[in-house]
> 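Quick one: the structure is below, questions incoming.
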Amino acid sequence: MNTRVLFALLVVGFLGSAHAVTYSWPEDPNDNVVTEHADDFPFTRANQDETLLDIARRFSLGQVEIVRLNQDVDRWSVKQDEVVRLPNRRVLPDTPHEGIVLNIAEYRMYYYPPAQAGMPRTVMSFAHGVGRQDWQTPLGLTKVVKKVKDPSWYPPESIRREHAAMGDPLPTVVPPGPHNPLGAYALHLALKGEYRIHGTDIDKIYGIGMQITHGCVRMYPEDIEQLYHSVSVGTPVRIVQQQIKTGWLDNHLYIEAHPDLEGVETTFEQRLDTAMQLIAKANNGVIPELNETVLIKALTDLDGDPVPIFERLPDMPDFEEEIGLREAAVESTYRLQ
C-alpha cells in the first residue's frame, strides 16, 4: 500500500476523521488540474469491516462520489482489507481562483487561500451536501457576511409545516448541540433567504455529498471547523453547476464528468456537445484529435474521475533563437582558445 495512504489511515484511526485535502498548485501555473498523489495510487484498504460512508468521511469525500467510484463495492458492507478506490486528481472549476467555489454538480467545494509571499500556492477541497430538487441551492456570486460559532436554528415556517406533515414537528428554535442541523459552525451568505455554509448534526452526518438540504451547504463537522477558521467575513463565494469540466496538466487535456443532479436529465448527445465546447475553449478554439474511446467512456460512466483525452507537444524553443544560441556558444569557444 502507498505509504502516505497507510499513514493517513493510522492517523485517522487515532483522530477519528480526516480534514480536507490540500492540493499543491501544478508546476505550470496555467494548468488547472490538481493531483493529490504524484505516484497516481488512488486506492486504500478498509482497516476493519465498515461502510463506504465511513471511508468517505475519513478522506473528506461525499457519499455519491465514493459510491460512483466503487460501483462493485457494497456501500453498507466493506470487508476488512477490501480495496476501495479514491479520487486522486480534480479539474478545478472554470471560475476565478479566489475565495470559495462551490460546484454543486460534484458536491464539492474549493477554497483558494490568499497567496503568501514566498509560499507555494495551494487549494483546499471539501465534500458538501446541497439543496434537494424542491429546495435548490441558488447559483451565482455572493460572499460571507457573518460567522457564527454554536448557532441556534430558527426553522422557517415552511420547513416547520413540512416536518409537521411528516409527523416530526419542530420547535420554534433548536439550541446549539449534537442534534442542531447547523452543527457547531456557520458561515452566513449574502443571499436572500438565510442561506449558510454550515456543519451538520449527528443524525445526518452521512448525507454529506448528496442532495439533502433545504438549500444550504452542509459539511462534515471537522471540515466546517477548518473552513470557519480559514476564511474571513467578506470572502467571495461562487456557486456554480459544472457537470463537465476540462483542464490541462503537464500538456495533457483532461475531462471530468459527473452524474445529473435530481431533477436534471441530460442525454449523452447533450453532454457530448457541452464537452466539445469546453474542449475547444481549453484549446484556443480548436478541437484536437482526441482519444474518442476515453471521451465516450467518461461521458457514459460519469464517475467524476478526470481522464486524459489528448496530449499536445510541449513548447519547443524558437528555431532561429536556438541557432543564435549555438552560434554564440561556438564564437565564445573560439575566443577562449
Side-chain angles (χ1 to χ4, degrees), residues 17-23 25 32-36 42 52-53 55-70 85-113 122-132 136-140 142 187 189 195-200 205-213 215-224 226-227 230-231 235-247 254-262 264 278 298 302-307:
S17 56
H19 286 266
V21 176
T22 299
Y23 296 92
W25 208 263
N32 60 329
V33 178
V34 291
T35 303
E36 182 176 4
L52 271 181
L53 280 59
I55 297 173
R57 186 180 178 188
R58 282 208 301 274
F59 291 93
S60 191
L61 305 175
Q63 182 172 161
V64 169
E65 179 176 26
I66 199 166
V67 169
R68 278 280 173 177
L69 284 173
N70 296 276
R85 186 180 173 194
L86 302 172
N88 188 36
R89 293 189 177 92
R90 298 191 186 278
V91 178
L92 298 177
D94 185 14
T95 67
H97 298 145
E98 63 177 10
I100 297 171
V101 175
L102 305 169
N103 185 14
I104 63 174
E106 59 174 317
Y107 307 103
R108 196 128 205 112
M109 173 189 303
Y110 298 86
Y111 170 57
Y112 301 90
T122 60
V123 56
M124 301 166 65
S125 185
F126 306 85
H128 62 71
V130 300
R132 296 170 356 206
Q136 294 182 6
T137 301
L139 305 179
T142 182
L187 302 174
L189 303 179
Y195 289 98
R196 311 171 185 88
I197 300 171
H198 60 74
T200 188
I205 200 161
Y206 291 118
I208 304 301
M210 300 179 67
Q211 282 181 266
I212 197 172
T213 77
C216 285
V217 174
R218 179 179 293 159
M219 301 175 66
Y220 287 122
E222 55 275 8
D223 285 352
I224 184 60
Q226 186 177 15
L227 182 67
S230 298
V231 305
T235 297
V237 178
R238 289 176 171 83
I239 307 175
V240 300
Q241 185 173 327
Q242 298 178 7
Q243 180 185 13
I244 300 171
K245 300 182 293 180
T246 57
Y254 284 79
I255 190 164
E256 177 181 322
H258 296 268
D260 294 328
L261 294 172
E262 293 179 12
V264 178
L278 292 173
L302 303 175
D303 62 6
D305 185 33
V307 289

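All figures in this text were calculated on a predicted structure; none of them were measured in a lab.
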> Locate the shortest heavy-atom distance separating Asp303 from Asp305; write the atom from each residue and the value.
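So the two residues come closest at OD1-N, 3.0 Å.
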
> Are Asn103 and Arg108 side-chain neighbours, meaning at least one heavy-atom pair lies under 4.5 Å?
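Asn103 does not reach Arg108 side chain to side chain.
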
> Does the Gln242 side chain pair with the main chain of Asp94, one donor and one acceptor, at a distance under 3.5 Å?
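Yes, Gln242 side chain to Asp94 backbone: donor-acceptor pair under 3.5 Å.
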
> Is there side-chain contact between Met109 and Asp223, with at least one heavy-atom pair below 4.5 Å?
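Not touching, per the 4.5 Å side-chain cut-off.
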
> Once you round to the nearest 0.5 Å, how far does CG of Asn32 lie from NZ of Lys245?
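Taking CG in Asn32 and NZ in Lys245, the distance rounds to 9.5 Å.
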
> Could you state the interatomic distance from NE2 (His128) to CD (Glu106), rounded to the nearest 0.5 Å?
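With rounding to 0.5 Å, NE2 (His128) is 7.5 Å from CD (Glu106).
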
> Please report the closest heavy-atom contact between Ile224 and His198, naming both atoms and the distance.
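Minimum heavy-atom separation between Ile224 and His198: CG1-C, 3.9 Å.
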
> Salt-bridge test for Arg90 and Glu65: reply yes if a basic N is under 4.0 Å from a carboxylate O, no otherwise.
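Yes, Arg90 and Glu65 are salt-bridged.
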
> Using every non-hydrogen atom in the two residues, find where His258 and Ala105 come nearest and quote the distance to one decimal.
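His258 and Ala105 have their closest heavy atoms at CB-O, 3.7 Å.
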
> Can you list everything that forms a side-chain contact (heavy atoms from CB on, under 4.5 Å) with Thr35? Sequence neighbours excluded, please.
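Applying side-chain contact (heavy atoms from CB on, under 4.5 Å) to Thr35 gives Asn88, Arg89, Leu249.
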
> Hey, does Pro42 have a side-chain heavy atom less than 4.5 Å from the side chain of Glu36?
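With C-beta onward as the side chain, the pair stays apart.
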
> Please identify each residue that fulfils side chain to side chain donor-acceptor pair (under 3.5 Å) with Gln243, with sequence neighbours left out.
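By the side chain to side chain donor-acceptor pair (under 3.5 Å) rule, Gln243 matches Asp260.
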
> Flag the pair Tyr220 / Ile205 as yes when at least one side-chain heavy-atom distance between them is below 4.5 Å, and no otherwise.
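They are in side-chain contact.
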
> Counting C-beta onward and ignoring hydrogens, is there a side-chain heavy-atom pair between Arg57 and Pro221 closer than 4.5 Å?
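Side chain of Arg57 against side chain of Pro221, heavy atoms only: contact under 4.5 Å found.
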
> Among Val34, Thr95, Leu102, Leu92, which residue satisfies the side-chain contact (heavy atoms from CB on, under 4.5 Å) criterion with Tyr110?
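The option that passes is Leu92.
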
> Taking side chain to side chain donor-acceptor pair (under 3.5 Å) as the test, write out the residues that go with Tyr111, two or more places apart.
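If we apply the side chain to side chain donor-acceptor pair (under 3.5 Å) test to Tyr111, skipping adjacent residues, there are no hits.
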
